[in-house]
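Naming: A, B, ... by sequence-line order, numbering from 1 per chain. None of the values given here were measured: they were computed from a predicted structure.
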2 protein chains.
Amino acid sequence: MTTATLKPQAAAPARRSFREQMHLAREDAIVSAVNRLLAEKGFEAMTVDEVAAEVGIAKASLYKHFPSKEDLAAAAMVRVMNRALAFLDELEANPQVTDPYERLRAVARWTMQVQLAGEMPSLPSENSTLRAALTTNKAYVDGLVSVSDRLGAWITASQASGRLNPQLPPIAVLYTLYARACDPVLGFLKGAGLYSDEQIIEMVLVTCFDGLRAR
Amino acid sequence: MTTATLKPQAAAPARRSFREQMHLAREDAIVSAVNRLLAEKGFEAMTVDEVAAEVGIAKASLYKHFPSKEDLAAAAMVRVMNRALAFLDELEANPQVTDPYERLRAVARWTMQVQLAGEMPSLPSENSTLRAALTTNKAYVDGLVSVSDRLGAWITASQASGRLNPQLPPIAVLYTLYARACDPVLGFLKGAGLYSDEQIIEMVLVTCFDGLRAR
DNA sequence: GTCTATAAATGGATAGAC
DNA sequence: GTCTATCCATTTATAGAC
């Protein structure tokens with residue numbers, strides 16, 4: 001506003017775009033730090049000071065970008081939701097994986113890879129202030145609904161084709177897949193130090209789809 | 001000490017036993033409150049003030065019984081571990097359930113029942129101060145080892161008898177069973193409001209042992 | 001051992017200069 | 001928008017009277 005009255009406007013559009021890109025880059029760095037810390041120690045144990053320190057800016061600057069700690073966490077959840085949507089797109093574009101059942105397996109595998117990479121933010125489902133921030137975040141809710149719808153279609157298709165147990169309610173299958181994102185078995189097995197990440201994922205994938213029982 | 005020089009000792013043994021019983025009863029009330037709060041909101045979100053309020057005593061009195069918040073949590077874990085051991089005893093004494101595979105199923109079911117009843121304390125595995133309190137707690141460590149050993153025996157027996165997938169490392173099976181204690185799917189499905197607790201447990205039991213895949 | 005009162009530290013959030 | 005400095009509520013833990 002004030003600069004407009006003092007400076008020529010020729011370069012204004014480009015400059016504003018540049019500034020906005022810087023702005024977005026900074027916010028991306030913030031969300032990355034939040035994402036990592038949420039994956040590492042969870043929402044309650046993560047402090048805003050830590051986030052600021054990891055990004056390398058002052059805490060007050062953080063609050064210029066995000067109005068509260070809850071919004072920081074919500075931004076991280078939006079990002080991971082978008083990553084999930086991008087993966088689903090990739091999967092649908094992949095001619096090698098067209099069977100819905102195989103796609104569900106691929107989703108579960110991806111989910112666990114993200115968790116083992118320390119990039120899966122996990123939030124407590126009980127915290128009410130956090131739930132409020134999430135349920136009022138349109139980007140998050142829309143993303144969650146979109147992911148659920150697409151997975152839901154694959155689930156019912158897999159049940160129709162006879163590869164997935166048709167006795168299980170689709171919602172139970174959906175939640176079971178979601179739960180792989182925070183399955184503590186991955187961390188337990190990693191802590192045992194006996195298996196590689198790939199081996200761990202394959203084992204949990206087998207127990208998830210084939211069960212503990214012998215076939 | 002001082003009372004000993006002032007009062008006759010005839011009734012001392014009984015009286016001391018009574019006092020000790022009161023002491024234990026109070027500690028039991030404390031651990032119950034901690035157990036409930038840990039199940040409801042987790043370690044970080046639980047405050048010592050809440051515990052004191054729920055028990056109905058002053059916070060300072062709490063610290064006469066337990067030296068730190070971590071020790072409170074450890075006591076709750078010891079208690080649930082003892083409950084688990086008692087259940088294993090019960091199971092071994094039950095002539096109706098002698099097959100190791102059925103025993104493992106029963107353990108998983110019990111674990112989920114406890115969680116759905118809001119009585120399963122859950123701790124973050126990352127918190128270092130908490131890990132220190134747990135790993136230095138002999139009662140807890142011994143209980144955990146004992147439970148793991150007994151389950152481990154049933155696991156290998158079930159694999160030998162061909163009911164449990166022999167390709168899975170026993171430790172992976174063990175961790176998978178432990179993970180039912182904090183499986184978020186139970187809470188998700190409960191939140192959906194479509195199924196009874198018994199139905200929820202049966203569904204998760206099926207997915208755990210039979211897998212999502214059709215048989 | 002129970003209480004009231006308080007210390008000591010932390011953490012979320014903001015004021016105000018630049 | 002970034003910083004320093006600070007506010008204020010909360011939280012773990014303790015002091016000291018009874």
Side-chain angles (χ1 to χ4, degrees), chain A residues 1-3 6 15-31 33-34 37-38 40-76 123-124 127-130 132-133, chain B residues 1-4 6 15-31 33-34 37-38 41-76 123-124 127-130 132-133:
Chain A
M1 302 286 244
T2 47
T3 56
L6 296 174
R15 217 184 140 205
R16 207 178 114 186
S17 165
F18 174 75
R19 278 201 173 174
E20 269 183 6
Q21 253 188 318
M22 287 297 96
H23 184 84
L24 287 179
R26 165 118 332 163
E27 291 205 340
D28 192 67
I30 294 172
V31 177
V34 171
L37 287 166
L38 281 182
E40 180 189 328
K41 46 207 309 184
F43 179 75
E44 326 272 359
M46 177 188 82
T47 72
V48 180
D49 294 79
E50 281 173 328
V51 177
E54 181 145 331
V55 179
I57 63 176
K59 185 163 55 167
S61 305
L62 257 190
Y63 278 95
K64 299 283 181 180
H65 290 272
F66 298 91
S68 75
K69 185 186 176 185
E70 282 76 17
D71 288 275
L72 281 174
L123 304 181
N127 189 317
S128 58
T129 95
L130 194 48
Chain B
M1 300 284 244
T2 47
T3 55
L6 296 173
R15 209 174 152 217
R16 206 177 115 188
S17 165
F18 173 74
R19 278 202 173 172
E20 268 183 6
Q21 253 186 321
M22 289 295 96
H23 184 83
L24 287 180
R26 165 121 327 166
E27 292 205 338
D28 192 68
I30 294 172
V31 176
V34 171
L37 287 167
L38 281 182
K41 47 207 307 182
F43 179 75
E44 326 271 0
M46 176 188 82
T47 72
V48 180
D49 294 79
E50 280 174 328
V51 177
E54 181 146 332
V55 178
I57 63 176
K59 185 164 53 169
S61 304
L62 258 190
Y63 278 96
K64 298 283 181 180
H65 289 273
F66 299 92
S68 75
K69 185 185 176 184
E70 282 76 17
D71 287 276
L72 280 174
L123 305 181
N127 188 316
S128 58
T129 95
L130 195 48

Query raised in the report: Which residue lies toward the 5' end of DNA chain C, A/P67 or A/A45, if each is placed at its nearest nucleotide?
Result: A/A45
Query raised in the report: In terms of the nearest nucleotide of DNA chain C, which residue is placed more toward the 5' end: A/T47 or B/R26?
Result: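 In this pair, the answer is B/R26.
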Within this structure, what is the [atom1]-to-[atom2] distance between [X] and [N], rounded to whole angstrom?
X     : N      : atom1 : atom2 : value
B/L37 : D/dT12 : CG    : C1'   : 16 Å
B/E50 : D/dT10 : CD    : P     : 12 Å
A/I30 : D/dG1  : CD1   : C1'   : 11 Å
A/F66 : D/dT2  : CZ    : C1'   : 16 Å
B/D49 : D/dA9  : CG    : P     : 16 Å
B/L72 : D/dA13 : CG    : C1'   : 12 Å
A/E44 : D/dT12 : CD    : C1'   : 16 Å
A/F18 : D/dG1  : CZ    : P     : 13 Å

Query raised in the report: Do any N or O atoms from the side chain of B/K69 and from the backbone of B/F43 form a donor-acceptor pair under 3.5 angstrom?
Result: yes
Ignoring hydrogens, what is the shortest heavy-atom contact between [X] and [Y]? Give both atom names and the distance.
X      : Y      : answer
B/A75  : B/F66  : CB-CE2, 3.6 Å
A/P124 : A/L130 : CD-CD2, 4.0 Å
A/A33  : A/V55  : CB-CG2, 3.7 Å

Report task. Hey, could you give me the CE/CD distance between A/M46 and A/E54, rounded to the nearest 0.5 Å? Result -> 10.5 Å
Query raised in the report: Between A/L72 and A/L38, is any pair of side-chain heavy atoms under 4.5 Å apart?
Result: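 No, their side chains stay 4.5 Å or more apart.
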Query raised in the report: Does D/dG1 have OP1 or OP2 sitting under 4.0 Å from an N or O in the side chain of A/R19?
Result: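 Looking at the OP1 and OP2 atoms of D/dG1, neither is under 4.0 Å from any side-chain N or O of A/R19.
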Query - Proximity to DNA chain C (any heavy atom under 4.0 Å), residues of residues 54-65 of chain A only - result: A/K59, A/A60, A/Y63
Query raised in the report: How would you label the contact of A/M46 with the nucleic acid (heavy atoms, under 4.0 Å): base, sugar-phosphate, or nothing?
Result: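 Sugar-phosphate contact only.
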**Report entry** N-O pairing of B/E44 and A/K41 below 4.0 Å
**Finding:** no
